[in-house]
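When a ligand or atom number is given, it counts from 1 through the structure's own listing order. Here the structure is a predicted model, which is why all the values come from computation and not from measurement.
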Amino acid sequence: MSRIAKIYVDSEVRLDPLKGKKIAVLGYGSQGRAWALNLRDSGLDVTVGLEREGKSWQQAQADGFHPKKTEDAVKGADVVIFLVPDMVQRFIYREHVQPNLKPGMDLVFAHGFNIHYRLIEPPQNVDVYMVAPKGPGPIVRDFFVKGGGVPVLVAVHQNYSGRAMEKALAIAKALGGTRAGAIETTFKEETETDLVGEQTILVGGVMELMKAAFETLVELGYQPEVAYFEAINELKMIVDLIYEKGFTGMLNAVSDTAKYGGFTVGKRVINEETRKRIREAAERVRSGKFAEEWIEEYGRGSPTLKKGMEEAEKSLEEQVGRRLKEIIERGKPKS
Ligand SMILES: NC(=O)C1=CN([C@@H]2O[C@H](COP(=O)(O)OP(=O)(O)OC[C@H]3O[C@@H](n4cnc5c(N)ncnc54)[C@H](O)[C@@H]3O)[C@@H](O)[C@H]2O)C=CC1
Ligand SMILES: CC(=O)[C@](C)(O)C(=O)O
Ligand SMILES: [Mg+2]
Ligand SMILES: [Mg+2]
């Protein structure tokens, strides 16, 4: 067994370390909006900092913020939270944050990428810590509004004040994270596990497995609508059962035929070869090779990312999904 993780819950954590501090949230996208709203609702003093007027600016205004130019938000801040895309953070840091750094300021991240891979190297006289939600931004907001919270990871990279962990936990609490739990980790562990997870299961793995099953059924001549319900739509229900009741709970809800078929055939589809590939993905992340490749891709205008988005949008899965949207929406629970 590996060591047991330190997990903090709501009752152990205080907001005090951040009370009266001026917090600048840089970026108002998936995480930025959720953080700015949750922190404000928790009574903290939040200013949204953005590069220019545009979609994010309008959204922040519609939500009752008075956004400032990044530089101005940073100048007035004690705590600066980086919620712009990972590939953009180092430029924002160099142009607007570094020139305005004051000793004792806090630099906060939602993912360790830029610190772990040394794209940002802050001076010794600031605190550097992370609060990484283990869920997408809109869910971080939705759970909070409904009285819950998405679990978070917390880590300290630099502890100039001696109180960095207390402040990381205070942010975790204000975000709703400690309503679930805040797990102590390191920048290295968060960065590497997050990247391996999104590549091999959460984003890459799940999408490819769904596509492989859907497209194979269609190639075999089955109706795309039937294949869509089977290989894509029903996965949410199965994952929800696992989320609520674990593997055993899910297995108890499916037929014995499904259990037997699942136990015997699942291992033939996801096999030793698949595990080898997951290990390879982890090695690319751990060696920094993936980071290097992504930085290079971004430097060329993200052609692979753009192509992936276009292909996804045009795919048969998406066309069928759009056609079935009405049926799926009609059937959703009403409360
Ligand atoms: N999306 C998610 O649910 C999660 C994201 N994170 C981390 O949170 C951080 C923010 O990621 P997201 O919320 O996904 O970002 P996003 O892409 O949703 O939001 C980007 C924000 O930055 C602004 N922005 C975009 N490009 C810009 C540029 N070139 N210059 C200046 N501003 C620009 C946008 O206007 C928007 O306000 C990242 O470190 C990410 O790894 C961590 C956990 C989950
Ligand atoms: C939503 C999340 O946690 C991810 C998949 O790691 C991300 O968006 O980077
Ligand atoms: Mg993640
Ligand atoms: Mg991620």
Side-chain angles (χ1 to χ4, degrees), residues 24-39 46-63 65 67-74 80-97 107-117 119-120 128-144 149-155 157 168 171-172 175-177 182-183 185 187 189-206 281 285 290-291 294-295 298-299 301-302 305-306 309:
V25 168
L26 306 184
Y28 204 75
S30 179
Q31 290 292 332
R33 177 168 192 266
W35 286 54
L37 290 171
N38 291 7
L39 266 47
V46 177
T47 302
V48 174
L50 294 168
E51 282 297 274
R52 60 189 77 83
E53 298 193 19
K55 230 178 75 196
S56 291
W57 192 288
Q58 284 167 10
Q59 182 65 60
Q61 277 184 328
D63 293 335
F65 289 103
K68 289 184 177 171
K69 285 287 170 81
T70 309
E71 191 184 357
D72 298 324
V74 171
V80 177
I81 308 183
F82 286 82
L83 296 169
V84 294
D86 295 309
M87 286 304 113
V88 174
Q89 290 180 10
R90 62 188 190 281
F91 302 112
I92 299 277
Y93 176 77
R94 237 174 274 156
E95 279 173 47
H96 303 302
V97 180
L107 303 182
V108 185
F109 295 84
H111 175 45
F113 199 101
N114 279 265
I115 293 294
H116 178 63
Y117 294 115
L119 303 173
I120 294 177
V128 181
Y129 53 89
M130 169 170 54
V131 181
K134 290 288 100 184
I139 310 282
V140 170
R141 178 59 183 163
D142 187 51
F143 278 25
F144 178 89
V150 168
V152 296
L153 304 186
V154 289
H157 174 68
I171 288 190
L175 255 186
I183 306 186
T185 183
F187 271 63
E189 182 174 71
E190 186 280 336
T191 304
E192 294 177 352
T193 52
D194 190 75
L195 294 174
V196 173
E198 65 201 22
Q199 291 170 19
T200 65
I201 168 93
L202 300 177
V203 180
V206 158
V285 163
F290 169 76
W294 171 213
I295 291 163
Y298 181 77
S302 307
L305 193 147
K306 285 181 183 150
M309 290 302 293

_Nearest neighbour in protein (non-hydrogen) for atom 16 (P) of ligand 1_ = S30 N, 4.0 Å
*For atom 30 (N) of ligand 1, what is the nearest protein heavy atom, given as residue, atom name and distance?*
V88 CG1, 3.4 Å
*Parallel, tilted or perpendicular: which fits the ring planes of F65 and Y28, with parallel below 30° and perpendicular above 60°?*
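The arrangement is perpendicular - the two ring planes meet at more than 60°.
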*Assign the ring pair H111 / F113 to parallel, tilted or perpendicular, where the plane angle (0 to 90°) is split at 30° and 60°.*
tilted
Which one holds for [X] and ligand 1: side chain close, backbone close, both close, or neither close, with close meaning a heavy atom under 4.0 Å?
X: A110; value: both
X: Q31; value: both
X: K55; value: neither

*H111 N/O under 3.5 Å from ligand 1 N/O*: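 Among all N and O atoms of H111, none is under 3.5 Å from an N or O of ligand 1.
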*Polar proximity ligand 1 side, S56 side, N/O cut 3.5 Å exclusive*: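 In this structure, S56 places an N or O atom under 3.5 Å from an N or O of ligand 1.
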_Flag, side chain of S30 to backbone of G137, donor-acceptor distance under 3.5 Å_ = yes
*When you measure from the side chain of N114 to the backbone N and O of D86, does any donor-acceptor pair fall under 3.5 Å?*
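Present.
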*Return the option from V48, L26, V84 holding the heavy atom at the smallest distance from atom 11 (O) of ligand 1.*
V84
Could you tabulate the donor-acceptor pairs under 3.5 Å formed by side-chain atoms of residues 54-62, not counting sequence neighbours?
residue, atom, partner, partner atom, Å
Q59, NE2, D63, OD1, 3.3
Q59, NE2, D63, OD2, 3.3

_Does anything in residues 133-142 form a salt bridge (charged side-chain N to carboxylate O under 4.0 Å, His left out)? List the pairs, not counting sequence neighbours._
D41-R141, K134-D194, D142-K146
*What protein N, O or S atoms come within a distance below 2.8 Å of the Mg ion (ligand 4), ordered by chain and number?*
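Protein N/O/S atoms under 2.8 Å of the Mg ion (ligand 4): D194 OD2, E198 OE1.
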*Numbered atoms of ligand 1 (with element) below 4.0 Å of L83, judged on heavy atoms*: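 Every atom of ligand 1 under 4.0 Å from some heavy atom of L83: 10 (C), 21 (C).
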*For I139, enumerate each residue passing the side-chain contact (heavy atoms from CB on, under 4.5 Å) test, keeping only those at least two apart in sequence or located in another chain.*
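Partners of I139 under the side-chain contact (heavy atoms from CB on, under 4.5 Å) test: P136, F143, V150.
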